[in-house]
Amino acid sequence: MTTYTKITPDILAQLSTIVGADNILNDHAAIENYSHDETEDLIYYPEVVAKPRTVEQVSALMKFCNEQLIPVTPRGAGTGLAGGALAVNGGLMISMELFNKILDIDEQNLQATVEPGVITEVFMNAVAEKGLLYPVDPASKGSCFIGGNVANCSGGPRVVKYGTIREYVLNLQVVLPSGDVIWTGANTLKYASGYNLTQLLIGSEGTLGIVTKIVTKLIPKPTLDALMLASFVTNEDACAAVSAIFRAGVVPSAVEFMERKGIEWVIEHDGIAFDLKDGIGAFLLIEADGTNQDVIFADCEKINEVLEQHNCREVLFADTSAQKEELWRIRRTMAVSVKSNSVYKEEDTVVPRAALPQLIKGIKEIGAKYGFESVCYGHAGDGNLHVNIVKAGMSDADWSSKLKDGITEVFELTVALGGTLSGEHGIGLVQKSFMSLKYTPVHFAIWKGIKAIFDPNGILNPGKIF
């Protein structure tokens with residue numbers, strides 16, 4: 001266990017020399033915004049926040065902190081849901097918010113080079129203006145940074161057709177805890193030259209290095225799309241239809257599951273006008289895209305046939321761009337709506353698609369056993385279900401003492417169904433106590449060995465993942 005160095009006035013002066021006094025925050029009020037992310041009820045203040053502007057400054061900060069044994073927490077936009085960017089040991093927080101430039105969009109090679117502090121949607125829009133697509137679009141795309149997406153292996157609705165962020169990151173510039181700067185791979189579509197450090201860094205949650213440049217793959221942007229909203233009586237019917245769509249030979253660009261309670265809270269919180277009919281328990285929001293309208297319509301017809309076979313009650317086709325945007329807004333604001341209605345905890349489960357009906361049925365049974373409610377929604381097309389556990393009528397004592405047992409059972413069920421603990425939110429601080437439900441001592445030994453090679457002094461984002 002490393003004994004970390006507290007930041008003294010002399011150390012503060014050294015840090016100010018590296019990044020400039022204007023880019024150092026150490027006043028309690030000034031760093032309040034850096035003491036939390038979007039995880040429920042967690043507050044940890046760093047001692048100092050530094051906002052570097054250059055790779056050289058990040059390198060100098062890391063070299064100095066490594067020599068002085070000062071813990072360092074890298075931070076993006078602070079939209080994380082697992083406590084991954086919290087300074088649990090105080091020390092220095094390095095905010096990457098000034099690394100906010102799109103450096104190059106290479107239309108010849110369908111690649112882009114971008115700094116980690118660029119807002120994901122800003123990047124998506126910039127490449128879309130050139131007729132290209134970067135399809136990794138988490139729900140927080142309007143506020144999250146692409147660097148945080150890389151760190152947490154973030155996803156989104158269109159992962160189901162286009163693949164995860166792992167398929168779109170070609171190369172990373174990374175500052176190691178030692179201060180050394182490396183590129184992890186090459187700007188090529190194939191890579192078979194030694195261990196793939198790029199893939200190792202993706203999803204490492206800022207524990208192995210600090211990303212300072214990202215080279216992404218791009219693809220031509222589909223010019224057409226169709227969006228349909230299918231309603232079902234039960235959660236299980238909706239979830240069972242998901243894998244059946246793919247077995248019918250159709251790969252939609254998105255298949256999102258939404259439970260009735262989530263829709264009700266969106267209507268209440270956001271005032272969205274929506275005709276929520278009695279007897280409907282769940283919805284699938286399904287998108288098909290491409291460049292040929294006839295092919296898209298044919299896919300939609302096949303999807304509709306599958307839906308009818310799974311007790312679908314009604315299918316609404318969005319006729320206009322405004323209708324499409326309104327339906328997507330329901331899905332994207334669901335997390336905020338749930339958060340506004342009750343004390344809650346959000347879990348990020350993922351199972352093989354065909355296991356979704358068993359997963360959601362089991363979650364409801366576990367909730368009934370422990371006395372909590374749940375609102376479920378998520379990227380059903382890739383088996384990723386977000387489980388919002390709602391306190392509702394649960395007593396404070398039970399919420400404090402029994403909730404973890406209930407969450408443990410949810411994860412035990414997830415693992416038993418062939419799934420794992422997180423699809424896209426990461427492990428961070430809040431999920432690490434559940435890792436032994438899925439992984440063996442051998443896994444932990446390997447991870448700790450990797451961590452020791454990259455960060456022998458244990459200064460970089462300590463206390464996370466394991």
Side-chain angles (χ1 to χ4, degrees), residues 2 4-8 11-27 30-37 44-80 83-101 114-119 144-152 172-182 201 204-214 426 428-429 451 454-455 457-465:
T2 302
Y4 296 115
T5 302
K6 291 292 185 182
I7 293 181
T8 64
I11 289 174
L12 183 61
Q14 291 269 28
L15 298 174
S16 298
T17 298
I18 293 171
V19 298
D22 289 346
N23 290 321
I24 288 285
L25 304 175
N26 71 320
D27 176 77
I31 63 176
E32 190 278 332
N33 190 52
Y34 298 87
S35 68
H36 61 87
D37 59 8
Y44 293 91
Y45 277 80
E47 296 167 69
V48 178
V49 176
K51 298 191 285 186
R53 291 182 177 273
T54 68
V55 175
E56 291 76 18
Q57 288 177 345
V58 177
S59 173
L61 288 171
M62 290 307 306
K63 185 174 187 297
F64 176 75
C65 289
N66 196 45
E67 291 170 350
Q68 300 295 321
L69 297 182
I70 298 168
V72 177
T73 306
R75 181 181 174 92
T79 60
L86 300 180
V88 296
N89 290 282
L92 174 68
M93 176 170 282
I94 296 180
S95 170
M96 300 302 289
E97 63 195 271
L98 301 182
F99 278 73
N100 55 9
K101 298 181 183 65
V114 60
E115 291 183 328
V118 172
I119 293 172
C144 64
F145 291 170
I146 189 171
N149 299 164
V150 171
N152 288 287
L172 297 169
Q173 185 188 61
V174 177
V175 178
L176 302 177
S178 62
D180 292 322
V181 181
I182 65 168
L201 266 293
S204 64
E205 301 186 35
T207 62
L208 303 181
I210 297 179
V211 173
T212 48
K213 288 188 180 70
I214 304 159
L429 180 65
K451 172 69 170 173
F454 277 82
D455 184 17
N457 290 327
I459 65 160
L460 189 54
N461 211 12
K464 311 297 168 56
I465 303 181

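Between C144 and T79 the shortest heavy-atom distance is CB-OG1, 3.3 Å. Here the closest non-hydrogen pair linking V88 and Y44 is CA-CD2, 3.6 Å. Considering every non-hydrogen atom in both D180 and S178, the closest pair reads OD2-OG, 2.9 Å. The minimum heavy-atom distance linking L460 with P177 is given by the pair CD2-CG, 3.9 Å. Shortest non-hydrogen contact noted between A85 and P74 is CB-O, 3.9 Å. Nearest approach of F99 to V55, heavy atoms of both residues: CZ-N, 3.7 Å.
Inter-residue side-chain proximity for E56 and V181 is flagged as unmet; no heavy-atom pair is nearer than 4.5 Å. Between D455 and T207, the closest side-chain pair of non-hydrogen atoms is not below 4.5 Å. Residues Y4 and P462 are in side-chain contact: their nearest non-hydrogen atoms beyond the backbone lie under 4.5 Å apart. Side-chain contact between L61 and P52 is present, with heavy atoms from C-beta onward closer than 4.5 Å. F64 has its side chain within reach of I11: a pair of non-hydrogen atoms, C-beta onward, lies under 4.5 Å apart. Within the 4.5 Å cutoff, the side chain of L15 has heavy atoms near those of the I7 side chain.
If you take CD on Q57 and CG on N23, they are separated by 7.0 Å, rounding to the nearest 0.5 Å. Interatomic distance, OG1 of T73 versus CG of L92, reported as 8.0 Å (0.5 Å rounding). To the nearest 0.5 Å, atoms CD (E205) and CG (N461) are separated by 8.0 Å. For the atom pair I210 CD1 and L176 CG, the distance stands at 10.0 Å (nearest 0.5 Å). Taking CD from E115 and CE from M96, the interatomic distance works out to 8.0 Å, rounded to the nearest 0.5 Å. Atom CD1 of I70 sits about 10.0 Å away from atom CE of M62, to the nearest 0.5 Å.
The only member of T17, V48, V49 that meets side-chain contact (heavy atoms from CB on, under 4.5 Å) when paired with I24 is V48. Of the listed residues (I214, V211, L208), just one forms a side-chain contact (heavy atoms from CB on, under 4.5 Å) with V174, and that residue is V211.
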Q | Step-by-step side-chain contact (heavy atoms from CB on, under 4.5 Å) determination, V118 to F145 | A | CA-CA 5 Å; V118 172; F145 291 170; over 6 Å; no

Q | Intermediate values then yes/no, side-chain contact (heavy atoms from CB on, under 4.5 Å), V19 and K51 | A | CA-CA 7 Å; V19 298; K51 298 191 285 186; over 6 Å; no

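In this structure, K464 contributes its side chain and L86 its backbone to a donor-acceptor pair below 3.5 Å.
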